[in-house]
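Only one structure is covered here, and it is reproduced in the block below.
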Protein chains: 2
Amino acid sequence: MPKQTFLNLPEEKKEILIEAAKKEFSRVSLYDACISNIIKTSGIPRGSFYQYFDNKEDLFFFLLNEHAKERQKKFLYLLKKTNGDIFDTVTELYKSMLEKSQKQENCDFFRNAFLNMNYKIEKIYTKEFSESHFNQNFKKVCNLINTSKLNINNDNELFHAIKIIMAVTFHNLVQSYAKEISYEESVENFTLEINLLKKGLYKDNS
Amino acid sequence: MPKQTFLNLPEEKKEILIEAAKKEFSRVSLYDACISNIIKTSGIPRGSFYQYFDNKEDLFFFLLNEHAKERQKKFLYLLKKTNGDIFDTVTELYKSMLEKSQKQENCDFFRNAFLNMNYKIEKIYTKEFSESHFNQNFKKVCNLINTSKLNINNDNELFHAIKIIMAVTFHNLVQSYAKEISYEESVENFTLEINLLKKGLYKDNS
DNA sequence: ATTGACATATGACATTGTGTCACTTATAAT
DNA sequence: ATTATAAGTGACACAATGTCATATGTCAAT
């Protein structure tokens with residue numbers, strides 16, 4: 001988390017630092033990014049940087065969090081729009097995430113950010129993160145989902161169903177970003193897998 | 001890939017380096033691991049290290065690959081044992097992977113390795129890796145799977161079905177490693193999700 | 001207007017780690 | 001014995017990090 005000092009900064013100065021950071025994180029992965037470049041392009045002294053953030057991860061996850069919030073908003077919006085159809089929602093979200101990474105012309109932050117999500121996976125899956133970010137919104141999401149057509153028996157199964165859908169989404173997105181397959185192909189693959197999830201993998205009614 | 005020079009080394013010396021590397025990669029994530037520690041504990045001069053490996057990632061992915069090969073072997077073995085039941089196979093494999101990480105007393109290499117798999121995800125999903133390691137064995141795996149009870153229509157659907165199962169397995173394993181939930185709970189969750197996958201998430205037969 | 005207490009800014013510096021390179025040593029072939 | 005080729009070695013140049021002593025700004029109380 002950025003320190004209060006950073007939050008107190010005049011909007012303009014904050015923006016300069018954020019832009020420099022995005023530029024660096026677009027250039028290379030979090031792993032290869034370095035503070036030296038960020039302070040060079042932003043013109044902010046080394047000492048000041050450490051007054052605002054603990055280290056580069058701190059800054060990175062701050063930016064990532066902002067993105068995550070937007071995504072969350074979009075998810076809730078789509079869920080309402082589709083009358084709680086989780087499959088349609090997740091497909092639309094998938095498309096928009098793909099588009100987002102393609103539209104950004106000279107800025108690969110989003111793509112790099114995603115590829116680096118598991119980089120320091122401990123950070124992502126720490127109790128604080130998963131409890132605050134994920135679980136906070138989870139109940140909200142559950143309540144909006146239309147469960148009448150879902151093949152589940154209770155809340156626990158709903159939880160795991162969502163986890164599965166998220167896992168498949170995540171996996172496809174990462175593969176798409178890393179392998180640079182076309183938008184159309186990626187969406188086609190994803191849709192196919194969502195349909196497999198819907199109909200089930202096991203044929204016991206034969 | 002390690003250089004020929006390393007492969008030519010007497011078994012004993014190789015072992016010393018590998019042990020030192022495992023120790024370092026058990027201590028911290030790939031990110032925080034440093035060559036300095038590895039050469040310190042192994043007593044191998046800096047110059048020599050670079051005669052064997054390009055960098056720490058090179059060494060890390062070499063070790064990871066060895067593990068992956070073992071896992072692959074186990075997978076094929078289980079697939080034969082269960083007469084091609086992919087669900088049973090994957091459940092058994094999941095258990096064995098959890099156990100493996102729990103058994104290793106003072107060595108968390110396996111756990112760390114897994115948590116770091118997506119660290120430099122570009123490396124994992126590069127063409128070379130996915131084509132060599134994954135796809136090479138993929139056809140072998142497909143042929144062993146008993147598709148008679150699977151709810152699929154063609155090879156492409158089989159491919160995606162396996163991808164889904166792998167995504168869910170991966171996701172659960174990572175969560176289990178990162179959050180340190182109990183073996184029993186983790187297996188229970190995983191089994192529940194596999195059953196959801198089998199029966200399908202959508203109730204269209206109502 | 002002056003003071004002092006506190007927050008913020010700054011860049012030189014110590015520290016740590018990386019990868020290279022010139023030089024040494026070993027091995028093998030003629 | 002001589003030469004060629006491969007392997008071993010550690011000092012070193014370079015790069016990046018995080019800290020710290022010092023400087024500067026802010027603002028309430030006098």
What integer distance in Å separates [X]:[atom1] from [N]:[atom2]?
X	N	atom1	atom2	value
A:R46	D:dG18	CZ	C1'	7 Å
A:N37	D:dT17	CG	P	9 Å
A:L9	C:dA7	CG	P	16 Å
A:D32	C:dT18	CG	P	14 Å
A:E24	D:dT17	CD	P	9 Å
A:Q51	D:dA23	CD	P	17 Å
B:N8	D:dA7	CG	C1'	10 Å
A:F6	C:dA7	CZ	C1'	17 Å

Looking for any heavy atom pair under 4.0 Å, which part of the strands does A:K40 touch: base, sugar-phosphate only, or nothing?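 If one applies the 4.0 Å heavy-atom cut-off, A:K40 turns out to touch nothing in the nucleic acid.
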Under 4.0 angstrom, heavy atoms only, what part of the nucleic acid is A:I44 near: base, sugar-phosphate, or nothing? nothing
For residues [X] and [Y], determine if any side-chain heavy atom of one lies less than 4.5 Å from a side-chain heavy atom of the other.
X	Y	result
B:K163	A:V168	no
A:E24	A:I38	yes
B:I181	B:N189	yes

Closest to the [X] side chain, choosing from [options]:
X	options	value
B:T5	D:dT17, C:dG17, D:dA7	D:dA7
B:Y52	D:dG8, C:dT20, C:dT10	D:dG8
A:C34	C:dA9, D:dT17, C:dT18	D:dT17

Looking at [N], I'd like to know if its phosphate oxygens (OP1 or OP2) sit under 4.0 Å from a side-chain N or O belonging to [X].
X	N	value
A:K3	C:dA7	no
A:S36	D:dT17	yes
A:K56	D:dA16	no

Would you say A:N156 has more than 12 foreign heavy atoms packed within less than 6.0 Å of its CG?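 Above 12, so yes.
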Donor-acceptor contacts, no H, no angles, side chain residues 45-52 of chain B, under 3.5 Å, sequence neighbours left out:
none

